[in-house]
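The next block holds one structure in the form of C-alpha cells; read it before the comments.
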Number of protein chains: 2
Amino acid sequence: MEDEVDRLVAAWRRERPDLDVEPLEVLSRVSRLARHLDRARRLAFSEHNLEPWEFDVLTALRRAGTPYQLSPGQLLTQTLVTSGTMTNRIDRLAKKGLVERLPDPSDRRGVLVRLTDEGRDRADRSLAGLLAQERAILAELSRAQRGELAALLRQLTAPFDNIPG
Amino acid sequence: MEDEVDRLVAAWRRERPDLDVEPLEVLSRVSRLARHLDRARRLAFSEHNLEPWEFDVLTALRRAGTPYQLSPGQLLTQTLVTSGTMTNRIDRLAKKGLVERLPDPSDRRGVLVRLTDEGRDRADRSLAGLLAQERAILAELSRAQRGELAALLRQLTAPFDNIPG
DNA sequence: GTTGACTGTCTTGACGTCGAGAGAGTGTGG
DNA sequence: CCACACTCTCTCGACGTCAAGACAGTCAAC
C-alpha cells in the first residue's frame with residue numbers, strides 16, 4: 001500500500017534526480033505518523049476531558065510511583081518541553097486540582113509536583129483508553145513486526161535520550 | 001542501548017502490572033523521535049534563516065514541479081495543518097516574497113500559491129542541508145535496516161494517508 | 001433557471017509553546 | 001568564608017496553531 005511519503009519521494013526523484021532522498025523514507029514517515037498520532041490522541045482524550053499535554057504530565061507523575069511526585073526539571077526531560085512551558089502546565093493543572101506544588105525539603109530552589117487523588121484517577125483511566133486506541137493502530141502489524149519496529153526505533157532514539165541534547 | 005521509552009515501559013510494568021503496555025514500545029518512540037527531529041530540524045534550518053513550517057510549504061511547492069504552484073487545499077493535505085494555519089502561512093511567506101497568490105483561472109473560489117524564484121532557491125538549498133542532517137541521524141542503521149524500518153512505518157501511515165482522516 | 005448541498009478559502013479569538021533572561025539558591029576552589 | 005560558576009524555576013512577550021464559523025462560488029437535480 002502506497003502512502004503520502006511514497007508520493008513525496010517519487011516527486012523529489014523526478015524534480016531533483018541529483019539528490020539521494022532515501023533518508024526521507026524513514027524520517028518523513030516518523031514525522032507524519034507522529035502528527036497523525038497527535039490528532040488521534042487528542043480525539044481519544046477528549047472523551048475524558050483531557051488534553052494530550054495534561055495526559056503527558058499526569059502520567060509521568062503516575063509512573064513515578066508513590067508518592068507520585070517529581071521536580072519540574074524531571075518532568076522536562078520526560079516530556080521534551082521547555083521550562084517555561086512546564087511552569088505554565090503545572091499552573092494550569094494545579095488550578096484544576098490535579099496536581100499540587102510542594103517545596104523541595106532538600107533544595108530550597110526546588111519544587112516538587114505531586115499528583116492529587118483525582119489526578120491519579122484521571123491518569124489511570126485515560127491510560128487504558130490510550131492503549132486501546134494504540135492497539136487498534138498497531139493491528140496492521142504482527143507481534144513480531146511490532147518487536148522489530150520497536151528495536152529499530154530504539155536505535156534512533158537512544159542517542160538523543162542518552163547524549164543529552 | 002536503553003532509551004527513555006525503555007524506562008517508561010519498565011515504570012508502567014511496575015506501577016500497573018495489570019495492563020499490557022506493549023503498544024507504547026512503538027508509538028511512544030515515534031512521538032518522542034518526532035519531537036527530537038523537530039528540534040534538530042529547527043537548528044539545521046536556522047542556518048538558512050528558515051523555520052520548519054516555511055520549509056514544509058516551500059518544498060511542497062518545489063516538489064510539484066514547474067510552474068511550482070498548488071492550491072491551499074493541496075498544501076493542507078501535504079502538511080497536515082488546518083486551513084486557518086495555511087492561510088496564515090501563505091500570508092507570511094508572501095510578505096517575505098517567497099510565494100505569491102494567484103487567482104485560480106478555473107474556479108473563482110480558488111487560489112493558486114506559486115513559488116517565486118527566491119522561494120525556489122531557498123527550498124533547494126535547505127533541502128540539501130536537511131538531507132545531510134538526516135543521513136547523520138540514520139547512520140545508526142545499516143542500509144537494510146533503514147529499508148525494513150521504512151516498510152514497517154509505511155504500513156502504519158498508509159491507513160491514515162489513504163482513508164481520509 | 002432555481003434550489004440546496006457542497007467545496008475552498010479566509011476570519012476570528014483563545015490557547016499553548018518557545019526563547020531569553022531574571023532571581024534565588026547551591027557548592028566548590030582558592 | 002568568599003567568589004564565581006552553575007542549577008533550578010519562573011516571568012514575559014512574541015508567535016504559530018487550532019476550531020468554529022463566515023462567505024463566495026460551484027454543480028447537480030429538478
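Chain identifiers are assigned alphabetically (A, B, ...) following the order of the sequence lines, protein sequences preceding nucleic acid strands; residue numbering begins at 1 within each chain.
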Study note, to complete from the structure: Judged by nearest nucleotide, the residue sitting upstream toward the 5' end of DNA chain C, A/E51 or B/P72, is B/P72

Exercise for review: Give the rounded distance in Å between these two atoms: CG of B/L50 and P of D/dG16.
Suggested key: 13 Å

Exercise for review: Name all residues meeting the side-chain contact (heavy atoms from CB on, under 4.5 Å) criterion together with A/E4; count only those two or more places apart in sequence or in a different chain, and write none if there are none.
Suggested key: A/R7, A/R32, B/Q78, B/D161

Check your understanding: For the pair made of CG in A/D91 and C1' in D/dT11, what is the distance, rounded to whole Å?
Key -> 10 Å

Review point. Could you state the NZ-P distance from B/K96 to D/dC15, rounded to the nearest angstrom?
Key: 12 Å

Review point. Reading nucleotides 17-24 of chain D 5' to 3', which nucleotides get B (base under 4.0 Å from a protein heavy atom), which S (sugar-phosphate only), which -?
Key: BBB----B

**Study point:** First-last contacting nucleotides on DNA chain C - partner chain B, under 4.0 angstrom, heavy atom
**Key:** C/dT7 to C/dG19

Check your understanding: Do any pairs count as a ring pair (Phe, Tyr, Trp, His ring centres under 6.0 Å) and have a residue in residues 52-85 of chain B, sequence neighbours left out, and if so which ones?
Key -> B/F45-B/F55

Study note, to complete from the structure: B/A60 and B/L75 have their tightest heavy-atom pair at CB-CD2, 3.7 Å

**Study point:** Pairs flagged by salt bridge (Lys or Arg N to Asp or Glu O under 4.0 Å) wherever residues 56-72 of chain B is involved - sequence neighbours left out
**Key:** A/E15-B/R62, B/R41-B/D56, B/R62-B/D124

Anything under 3.5 Å between a donor and an acceptor, one on a side chain of residues 127-141 of chain A, the other on a protein residue two or more places apart or in another chain? List them.
| from | atom 1 | to | atom 2 | distance (Å) |
| --- | --- | --- | --- | --- |
| A/Q133 | NE2 | A/A40 | O | 2.8 |
| A/R135 | NH1 | B/D20 | O | 3.1 |

Extract all donor-acceptor atom pairs below 3.5 Å that involve side chains of residues 93-102 of chain B and protein atoms in other chains or at least two apart in sequence.
| from | atom 1 | to | atom 2 | distance (Å) |
| --- | --- | --- | --- | --- |
| B/K96 | NZ | B/E54 | OE2 | 2.6 |
| B/R101 | NH1 | B/D91 | OD1 | 3.0 |
| B/R101 | NH2 | B/D91 | OD1 | 2.9 |

Exercise for review: Check salt bridge (Lys or Arg N to Asp or Glu O under 4.0 Å) between A/R146 and all other residues, then give those that pass, not counting sequence neighbours.
Suggested key: B/E22

Practice item. Enumerate the residue pairs fulfilling salt bridge (Lys or Arg N to Asp or Glu O under 4.0 Å) with a member in residues 66-76 of chain B, sequence neighbours excluded, ordered by first and then second residue. Key: none

